Amino acid sequence: MKSSISFYWKCQLIGWSAASMYWFVQGSAGGGFSWSAGLLHFLADIILYILITHLYRAFARNNNWQNSTLNLLIKRFMLALPIMAIAYTGVTVIKIYLIRLIFVQGTTIEILEFIRQNLPGILMAGFRLMAIWMLAYHLYQYSRRELRLVKENAALQLGYREAQLEKLSAQLNPHFLFNSLNTIKSLISTDTKLAKRGIDLLSELLRSSLYRQVSPINSVAKELDLAKDYLELEKMRMEERLTFSLKTEQSLDNLTIPGLSIQTLVENAIKHGVSKLKDGGHIAITISCDTCFLEIMVSNPGVINEDLNRTGIGLKNLKERLQLTYHGRASFELFKKEDELVYSVIRIPLS
């Protein structure tokens, strides 16, 4: 059967048991050794020092120290070490004094005198032992964090590449290309200026897919430009069946969002919404923010496809990239309101 004891508890038990056994052996080598007192010291050391270090671990975890930067972690370490050493000293002094009262007959030394005699040595041992324990704990947590970040970054890069492939597949899809080229061809004889614009839009979309090295994180302004080019080209094909609007603020242009996030929502709105309706519909892109979140909302007429297997990897990939990039603090929702519009909403933390 798989062991139910975690690695942390194994290290705690083995580490403090080894330290307590060392002290036990040291004590047994001296004169006047009491096996009963030695055994009590052994058990008390394990219990008390595990309690102190476990309380520290709980405090560090509750305050998210495991995700601190190295510089911040060092500062917190330097502040916490004296407190841990004092806690070790306090429980050790009380433990030794009480056990001596129990097992050493005729002990008359006052506790203050006992503290005066033993405090310096116990305090130095406290600094040494707590420093060793805290360094081992935080180095382990830091290494785990670095490994996790490496894995997440690798998964994020892979997810972004998949999004690029999905985007490339959509843009190089023969149906998409033939429709766009046929639209441009028909415009050549009726509206040369618009036909040239169509060629420019198609070239820019293909160039961004084939040649441009786009970052997994991009500015709102660049992502909007890409989505607008896509919508404008689709409008040439769908004509009056497609209208779109954009509502944002210039102050949001330089905020960063996952690459292809807006276009993914727009493509989904056209593919599963407007293109399936006889009269088409209107796609509205709204970008806003409050004190904590940037919100990207795309609305369109249509229905929500409950069969997730038919929605492609676009939205699934977007959810995964949001999870990896913002560690669960970002969200994605797809829902329908009473106004018969489908809303896809991304909320991204501002810090």
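Note that the structure is a prediction, hence the values are computed from the model and not measured.
Note: the hydrophobic cluster containing Phe7 does not contain Trp16 (ILVMFWY, side chain heavy atoms under 4.5 Å, direct or indirect links). Residues Ile348 and Met297 fall into different hydrophobic clusters, defined by Ile, Leu, Val, Met, Phe, Trp and Tyr side chains chained together at heavy-atom separations under 4.5 Å.
Within the 4.5 Å cutoff, no side-chain heavy atoms of Thr53 are placed close to those of Arg57. Arg321 has its side chain within reach of Leu318: a pair of non-hydrogen atoms, C-beta onward, lies under 4.5 Å apart. Side-chain contact between Leu350 and Leu255 is present, with heavy atoms from C-beta onward closer than 4.5 Å. When side chains are defined from C-beta on, Ile285 counts as touching Leu231, because their heavy atoms get closer than 4.5 Å.
Salt bridge present: Lys95 and Asp45 bring a charged side-chain N and a carboxylate O closer than 4.0 Å. Asp225 and Lys228 are joined by a salt bridge, as a carboxylate oxygen and a charged side-chain nitrogen come within less than 4.0 angstrom of each other.
Classification of the His54-Tyr8 ring pair by plane angle, with boundaries at 30° and 60°, yields tilted.
The residue from Val342, Leu341, Val266 that alone fulfils the side-chain contact (heavy atoms from CB on, under 4.5 Å) condition with Asn300 is Val342.
Geometric assessment of Lys336 against the ring of Tyr343 yields a negative cation-pi assignment under the 6.0 Å and 45° thresholds.
Judged by distance alone, the side chains of Tyr142 and Ser68 never bring a donor and an acceptor atom under 3.5 Å apart. A donor atom on one side chain and an acceptor atom on the other are found under 3.5 Å apart for His282 and Ser245.
With values rounded to the nearest 0.5 angstrom, Phe335 atom CZ is found 9.5 Å from Ser299 atom OG. To the nearest 0.5 angstrom, Ser261 atom OG is 4.5 Å from Ile296 atom CD1.
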**Request:** With salt bridge (Lys or Arg N to Asp or Glu O under 4.0 Å) as the test, would you mind laying out the steps for Lys235 and Glu232 before giving the verdict?
**Result:** CA-CA 5 Å; Lys235 180 170 176 57; Glu232 192 174 344; over 6 Å; no

